[in-house]
Amino acid sequence: MNDEVDMTTKTTKKTPASRRANNGRGLFRRMWSITWKLALAGLAVVTFYSIYLDQIIAQKFEGQKWHLPAQVFSRSMALYPGAAVSHPQMMAELKLLGYRKVANPRQVGEFSASSTRIELWRRPFLHPEGDQVEQRVMISFDSNGVSSVSRVSDKRQLAVFHLEPVLLDRIITGDGEDRLFVPTEEMPKSIVQALLLVEDRSFYEHHGVNPFAIARAAFVNISAGRTVQGGSTLTQQLAKNFFLSSERSLLRKVREALMAVIIDFRYSKDEILEAYLNEVYMGQDKSRAVHGMGLASRFYFGRPISELTIAQQAFLVAAIKGPSYYNPWRYPDRIQERRDLVLRLLMDAGDLTTAEYKAAVESPLAIRNLNKPAHQKLPSFFALVKQEVNERYGDALLKQSGVKIYTTLDPMAQEAAEIAVTQTLKSLDKSNKSLQVGMVVTDKYTGGIAAMVGDKTPGFDGFNRAVEIRRPIGSLIKPFVYATALAPNSQFTLATPLKDQPITLKSEQGKTWSPQNFDKKFSGQVPLLTALKKSMNVPTVNLGIAVGVDAVATTLAKSGWQEPLNEYPSMLLGAVNGSPLMVAQVYQTLADSGIYRKLTTVTAVLDADKNPLPVTRLPKEQAISPDTDFLIQYAMQQVVNTGTATRLGNAFPGVGLAGKTGTSNDSRDSWFAGFDERNVAAIWVGRDDNGKTSLYGSSGAMAVYLAFLKERPPISLRSIQVNGVVKGFFDRDTGVAKESDCSNVDALPALTATYRPVNNCGEPLQWWQKILGQ
């Protein structure tokens, strides 16, 4: 039994080497187990994180990529036979719109001109009534304005032809980013070619990330000891701009690369390119960040991107690398050198000939004048636009993306108004400090506000004197007193004598009022027309009391005066507080054949899909009969010819203008309101503290209007026959209507209904007339 071996307890002794091998295999198995589990967990994390990023990317790309600010446009100039648009005004409009004058128009955006004709190749544009295609037309002019508009291709006469409106500004309500969206198909091909050459040559080959470019950039940067080259693709740059901050970290770069791969997987190269071209940061316009090539084109050159030269297109691509570093106004040499590099790359790639390259590099930068803002500073007008948009379309409209607002603003009228205000107030300030101004210009035909200035510094964004002041309007009320008296079936005519004698009126409270003429003199009696054109107070009060103060108040209210009136006799001389906008409203009625239309700043609004938004039409009614209005317009023209505004008439001899001066007590407020065939203007000059100015209507506000017309030459009022008005003849002394062959008579327009001339001139009959029974 002792010699037997227990096989169940027999063991094998292990060497140290075998033990180490076994331990190594065990460690490897454990490490492998941990590694593949971590890898699996990491893959799961990356997968779920990628799904999360994919949702973010999809939401951005497939929804609304950007909040596009509301675009605000000027009026679209309408040209048709008889339009009150002169040849010089048309030339100025084309210059403002950036059209190029050439000997023979060969492409969109060009025009040629002779002394009486303009040949124009108009750009395509979006009009409130629909898309307008490019069109080549011949516009002819005569002394009254436009005589004809015809297509060059077939000589066909056009009933109406529109110029594109000026993009005034964009109303930014979001994060301060500003852009104009331009689809890829509307981008010049040279910009796309240059962009790919400079930023990402293998754009159409890689899948969002280019490992070879990253490796090459790393090698170059390590060799240089600093960052001199980037390896990011356009897709990576887009991911960074869209979703990430500018933070420099490895984690951000990894996230950027991952998002770029997802973007490239989900979307076509053309979609990615379009997003990049509209997202890329291109500079800073004060507080506004300029994004996208479309807005950059207007920011740097003041022109649409479709009309840029090849050198200007290369400029935009060059600026992408560093808009601040390559700021053309501060560092023109830097940007020109890089622009020329872009042009050389285009030539090397065969996209430019040697001759085209040489011409491009020799061209100047041609950037816009920095003193001329990239967008219009129109604080007074824009404030009214926003108010009207809220009232007519709701306060949520401006928060919508891609809205287009078409306004009534006439850029040429606005420029003329700003120059007139600045120059005149500068001159008046030399002898009268602290003066301020408010000015409103309307379009006589449309009832739209064409220009507005609310401060002697037109770009000042503050108290708007054109709208917000309330000052006595003085003699500007007088035409409405006379319009009331000259209503159909009235006993008054332009020749009716009015008493000009001392008068004292007593109120119900026992207070007395004795109005005086400006010169403190009385003439006994004067014809009604003389009383108006010389702005005489006492005859006006007598006339107003005769027709009724309440009737005058009704005429003024029907003409568009929106605020309550105190119906006291002092109202007849302008003891009524108003603003230039309120005055412009009622004088627009006088200028427009007595038709009241509420002044407006907005003509149409289109949503992001170019659909017009429905809106209630503004009211329109006949406030003053057309025949009565004709007489008032005639009288106001005599104010300019031989009355208180004679200096205006002398400045524009032979031009039919209508106007009225106004001055409040102690010369605190200087007023003028007037119109030509195209525009109505209402102007106030005074002091914010209501102090004396020593200015009259003719020396203050009318001086602004005169300067305005020098900048914007007036179009003479047209004499149009009105039903119910005839040429009458009136005795100079008595105002009695007589026949045309009578002696001592004046020829004046009269209402048919009331003009009843006496027979035989009202003179004693001769003996032979008595025999014949005459």
Side-chain angles (χ1 to χ4, degrees), residues 66-76 126 128 165-180 285-288 295 373-411 413-415 417-418 438-443 446-455 457-470 560 562-563 579-582 584-585 588 597-608 611-619 682:
W66 308 279
H67 178 87
L68 299 176
Q71 297 179 47
V72 183
F73 295 92
S74 71
R75 60 90 181 94
S76 175
L126 177 62
V166 175
L167 176 59
L168 300 174
D169 199 4
R170 293 158 300 281
I171 299 178
I172 299 176
T173 59
D175 54 9
E177 289 189 3
D178 196 5
R179 62 173 49 80
L180 286 174
D285 182 12
K286 296 182 179 178
S287 62
R288 302 181 177 198
L295 183 57
H375 51 85
Q376 298 265 17
K377 292 186 69 176
L378 305 167
S380 300
F381 182 77
F382 282 151
L384 213 57
V385 168
K386 291 177 182 178
Q387 177 183 326
E388 185 172 340
V389 165
N390 288 342
E391 292 174 353
R392 298 177 65 190
Y393 297 91
D395 57 7
L397 178 71
L398 293 178
K399 298 176 184 177
Q400 297 179 23
S401 178
V403 170
K404 295 175 178 61
I405 301 172
Y406 292 84
T407 74
T408 59
L409 187 113
D410 182 334
Q414 181 68 30
E415 182 180 28
E418 291 183 1
M439 180 175 184
V440 175
V441 180
T442 75
D443 185 298
T446 66
I449 295 175
M452 179 177 288
V453 180
D455 190 279
T457 303
F460 175 72
D461 190 359
F463 184 62
N464 183 2
R465 294 162 189 82
V467 177
E468 298 175 38
I469 66 165
R470 295 294 182 271
Q562 298 293 322
E563 296 190 358
S579 67
L581 179 62
M582 296 168 68
Q585 176 70 77
Q588 167 70 26
R597 285 183 289 180
K598 182 175 173 59
L599 292 179
T600 182
T601 61
V602 178
T603 57
V605 175
L606 305 185
D607 63 19
N611 299 315
L613 300 182
V615 64
T616 304
R617 287 190 171 275
L618 296 173

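Quick note: numbers below take in every heavy atom, side chains included, and nothing from hydrogens, waters or symmetry partners.
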From CA spacing to verdict: side-chain contact (heavy atoms from CB on, under 4.5 Å), Val453, Arg465: CA-CA 8 Å; Val453 180; Arg465 294 162 189 82; over 6 Å; no

Student check: side-chain heavy atoms of Arg75 and Pro165 closer than 4.5 Å: no

Could you measure the distance from the OH atom of Tyr393 to the CD1 atom of Ile405? Nearest 0.5 Å is fine. 8.5 Å

Looking at Tyr406, is its backbone amide N or carbonyl O close enough to the side chain of Thr603 to form a donor-acceptor pair, meaning the two atoms are under 3.5 Å apart? yes

Compare every heavy atom of Gly454 with every heavy atom of Ser380, then report the nearest pair and how far apart it is. OG-N, 3.3 Å

Could you please spell out the steps behind the side-chain contact (heavy atoms from CB on, under 4.5 Å) verdict for Asp285 and Leu295? CA-CA 11 Å; Asp285 182 12; Leu295 183 57; over 6 Å; no

Closest non-hydrogen atoms of Ala451 and Ala417, given as atom of the first, atom of the second and distance, are CB-CB, 4.3 Å

Got more than 12 heavy atoms from elsewhere within 6.0 Å of NZ, Lys404? yes

Shortest non-hydrogen pair, Glu418 vs Pro458, comes out as CG-CB, 3.7 Å

Tell me the closest heavy-atom pair linking Ala682 and Pro580, and the distance in Å. CB-O, 3.4 Å

Is the backbone of Asn611 close enough, under 3.5 Å, to the side chain of Asp607 for a donor and an acceptor to pair up by distance? yes

side-chain contact (heavy atoms from CB on, under 4.5 Å), paired with Met452, selected from Thr442, Leu378, Val467: Val467

Name of the residue among Val389, Val403, Thr407 meeting side-chain contact (heavy atoms from CB on, under 4.5 Å) with Val72: Thr407

Any side-chain to backbone donor/acceptor pair from Gln585 onto Leu599? Under 3.5 Å, distance only. yes

Side-chain heavy-atom pair Val605, Val615 within 4.5 angstrom cut-off: no

Search all heavy atoms of Gly447 against all heavy atoms of Arg597 and return the closest pair with its distance. N-NH2, 3.9 Å

Hey, is the main chain of Ala70 close enough, under 3.5 Å, to the side chain of Arg170 for a donor-acceptor pair? no

Separation between OG1 (Thr601) and NZ (Lys386), nearest 0.5 Å, reads 12.0 Å

Please identify each residue that fulfils salt bridge (Lys or Arg N to Asp or Glu O under 4.0 Å) with Glu415, with sequence neighbours left out. none

Apply the test side-chain contact (heavy atoms from CB on, under 4.5 Å) to residues Phe463 and Ile469: give CA-CA distance (whole Å), side-chain angles for both, the deciding distance (0.1 Å), then the verdict. CA-CA 9 Å; Phe463 184 62; Ile469 66 165; 3.6 Å; yes

Run the numbers on Leu409 and Val166 for side-chain contact (heavy atoms from CB on, under 4.5 Å), then give the verdict. CA-CA 9 Å; Leu409 187 113; Val166 175; over 6 Å; no

From CD1 (Ile171) to CZ (Phe382), nearest 0.5 Å: 6.5 Å

Using every non-hydrogen atom in the two residues, find where Val602 and Thr408 come nearest and quote the distance to one decimal. N-CG2, 4.3 Å

